[in-house]
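So the structure is just underneath, and the comments pick up after that.
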There are 2 protein chains.
Amino acid sequence: MSVAKVGEFGLIARITTRLPVGPTVLLGPGDDAAVVTAADGRVVASTDVLVEGRHFRRDWCTAQDVGHRAAAANLADIAAMGAVPTALLVALCVPADLEALWAEGLADGLAAEAGLVGASVVGGDMSGSPTLTISVTALGDLQGRAPVVRTGARPGDVVAMSGRTGYAAAGYTVLSRGFRTPKLLVDAYRRPEVPYAAGPEAATLGATAMVDVSDGLLSDLGHIAAGSGVGADVRRDAFDIPRQMRDAAHALGVDPYTWVLAGGEDHALVATFPVDTALPEGWRVVGEVREGAGVTVDGRAYKGPTGWRHF
Amino acid sequence: MSVAKVGEFGLIARITTRLPVGPTVLLGPGDDAAVVTAADGRVVASTDVLVEGRHFRRDWCTAQDVGHRAAAANLADIAAMGAVPTALLVALCVPADLEALWAEGLADGLAAEAGLVGASVVGGDMSGSPTLTISVTALGDLQGRAPVVRTGARPGDVVAMSGRTGYAAAGYTVLSRGFRTPKLLVDAYRRPEVPYAAGPEAATLGATAMVDVSDGLLSDLGHIAAGSGVGADVRRDAFDIPRQMRDAAHALGVDPYTWVLAGGEDHALVATFPVDTALPEGWRVVGEVREGAGVTVDGRAYKGPTGWRHF
């Protein structure tokens, strides 16, 4: 049944009954606004929007997948501040002929991804629109830590990464060429695996700067470099290219390092740390902060694309 | 110059330099997420989305007007919980040929409306889209008060209103018939005048339930009735119809009470109070809570439209 037939209030009712309410929720969906815990007296907040045809395609991803991706993009921003996500709010714009089941699947995906970190979908809005659009706001709790911003990297710091890059971009390329495998890459595009816990961990370890890789490693590390007034160098040999990625790159005539260095949407966390920091498992040194400006690869300017263009 | 020419990062830079940073902002735009004060350990959060052609028209409203309206719709939701707004986050989806000046004007309008209550625009996201879409999330601080929800109205309570209804709906009707006056009504549609301070005031006075009138008085009061398991009756003679509205209604062949009782988007606050509550200036009794279900007008079922259909 289409969303137009179910109606706005009907659809909201169908969706809100599917949303589990976690311990951070003092008042959930159904009122003018939600009330969420913000235990340390501050709240971290970030918004990301996904537009059909630009950020997702319904023939490439299930509704649940899109929910996971939309939530992950936002939750990763919260983690990249060193915070723990507490809540999501979702503005959903839907064509009148969209199946209500699709909207319900989206809500399931959003709630499931949020549930991975103990966060809940607490509210939102819905409207008709010719363009299927999902705007998500994530809230988070710093639990007493200072936020890790983009401006604190210093020459001599190491650049370290938790999570992976290139998988989602490879999956995107595979899908855009009409293939549905390798599963490793396509699944990575559909449902990113974000190292959420590494964000607060990095803050506790004394990270001097941190971002999540949403646009591409070189592009997002470039934000740290620009924000901190430093340069950064990334070592190509710090990255393992898994066999499936190497094979897919070979078959498609692509340099796999383009995926790894410039592909976004895996939402790895990249942080800079004082050089003597003992990095726990999950963090890997991939480069270093230098005097200067811009991001180089193996000491040289990078010629390829560095990230994703949004319009 | 079009947004496509200015580019995403260029446009974000242009916009963020225009945004004043208020006292609630610990970390403003430019990082993965913003950090906002949440002094009482809870945060109130609400999201509303505006879609071009459905919620606004660029030939009826300036970019600044749309910013005011988008902010007002969200800030009113925060006020309707009894909270004081602290921050807005904005997801903006723009056609590639949109003038960058329009986006800047929108940001000015959002910031100006937020500034009325001491809140700031702290972050957001931007994407290309065929459909101009503005999704706003507002955050707020309860300052130690209990949130005023929709479920607490009790038979015998009075229904009181702060702010006005029907003005924006009348302005909308005037504009949709091709007129640009009366200014009182058209301006009310373009930039709602929301009684923000009345929200926390009602909470302090002991309001048993509260909503903002975004869809229409009868429709939104219906949410309180349904949520509280009660009925409500509204008295037509509690509403003053100003001369300009009466004249416009006469000229257009409309019953002005349709605007007043069923018109949305002025974002009046409607609350229920124990009958012996001494209501300060700005609050007016417009009806009463009764046993039963549904909302009546002068004791009878209302035959006209009660609110706005979203798709």
Side-chain angles (χ1 to χ4, degrees), chain A residues 3-4 7-8 26-27 30-51 54-55 77-78 80-81 83 87 89-94 96 122-131 133 135 137-140 142 147 149-150 210-212 227 309-311, chain B residues 3-4 7-8 26-27 30-51 54-55 77-78 80-81 83 87 89-94 96 122-131 133 135 137-140 142 147 149-150 210-212 227 309-311:
Chain A
V3 296
E8 183 193 17
L26 302 172
L27 181 68
D31 218 297
D32 292 284
V35 185
V36 178
T37 57
D40 90 348
R42 300 168 294 172
V43 60
V44 180
S46 180
T47 291
D48 261 297
V49 61
L50 271 63
V51 178
R54 187 171 295 265
H55 300 98
D77 283 326
I78 301 300
M81 303 303 290
L89 296 101
V90 184
L92 177 58
C93 302
V94 295
V122 298
D125 190 21
M126 206 171 288
S127 173
S129 170
T131 308
T133 305
S135 176
T137 298
L139 306 181
L142 284 162
V149 295
R150 298 179 172 191
M210 182 157 51
V211 292
D212 86 298
R309 277 177 57 87
H310 291 254
F311 43 76
Chain B
V3 295
E8 182 192 19
L26 302 172
L27 180 69
D31 217 298
D32 291 285
V35 185
V36 179
T37 57
D40 91 347
R42 300 168 296 173
V43 60
V44 180
S46 179
T47 292
D48 261 297
V49 62
L50 272 64
V51 177
R54 186 171 294 266
H55 300 98
D77 282 326
I78 301 301
M81 302 304 290
L89 295 100
V90 184
L92 177 58
C93 302
V94 295
V122 297
D125 190 20
M126 205 172 287
S127 173
S129 171
T131 309
T133 306
S135 176
T137 298
L139 306 181
L142 284 162
V149 296
R150 299 179 171 192
M210 183 158 50
V211 292
D212 86 299
R309 278 177 55 88
H310 291 257
F311 43 77

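Sequence lines set the chain letters: A, B, ... in the order given, protein chains first and strands last, and positions in each chain run from 1. Since this is a predicted model, take the numbers as computed values, not measurements.
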Is there a side-chain contact between B:Cys93 and A:Thr131, using heavy atoms and a 4.5 Å cut-off?
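A side-chain contact is absent here, since even the closest heavy-atom pair is not under 4.5 Å.
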Between B:Val36, B:Leu27, B:Val44, who has the most heavy-atom pairs with chain A when the cutoff is under 4.5 Å?
B:Val36
Picking from B:Ile78, B:Val51, B:Asp77, B:Thr37, which has the most non-hydrogen pairs under 4.5 angstrom with chain A?
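Among the listed options, the one with the most contacts to chain A is B:Asp77.
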Considering only heavy atoms and a distance below 4.5 Å, find which of A:Pro130, A:Ala39, A:Gly123, A:Gly140 pairs most often with chain B.
A:Pro130
Counting heavy-atom pairs under 4.5 Å with chain B, the top scorer among A:Val49, A:Leu142, A:Asp40, A:Asp212 is A:Val49
How far does CG of B:Leu139 sit from OG1 of A:Thr137, to the nearest 0.5 angstrom?
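Result: 8.0 Å between the selected atoms.
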Interatomic spacing from OG in A:Ser135 to CG in B:Leu92 - rounded to 0.5 Å:
10.0 Å
Judged by atom type as modelled, is there a donor-acceptor pair below 3.5 Å linking the side chain of A:Asp31 to the main-chain atoms of B:Arg150?
yes
Determine whether a donor-acceptor pair (N or O, by modelled atom type, separation under 3.5 Å) exists between the side chain of A:Arg42 and the backbone of B:Leu26.
no
Engaged part of [X] at the chain B interface, taking heavy atoms whose separation is under 4.5 Å:
{"X": "A:Ala34", "answer": "both"}
{"X": "A:Val211", "answer": "both"}
{"X": "A:Thr133", "answer": "side chain"}
{"X": "A:Leu50", "answer": "neither"}

Considering non-hydrogen atoms only, spot the tightest contact between [X] and [Y] and give its length.
{"X": "B:Leu89", "Y": "A:Thr47", "result": "CB-OG1, 3.3 Å"}
{"X": "A:Arg54", "Y": "B:Ser127", "result": "CD-OG, 3.3 Å"}
{"X": "A:Asp32", "Y": "B:Met81", "result": "CB-SD, 3.8 Å"}

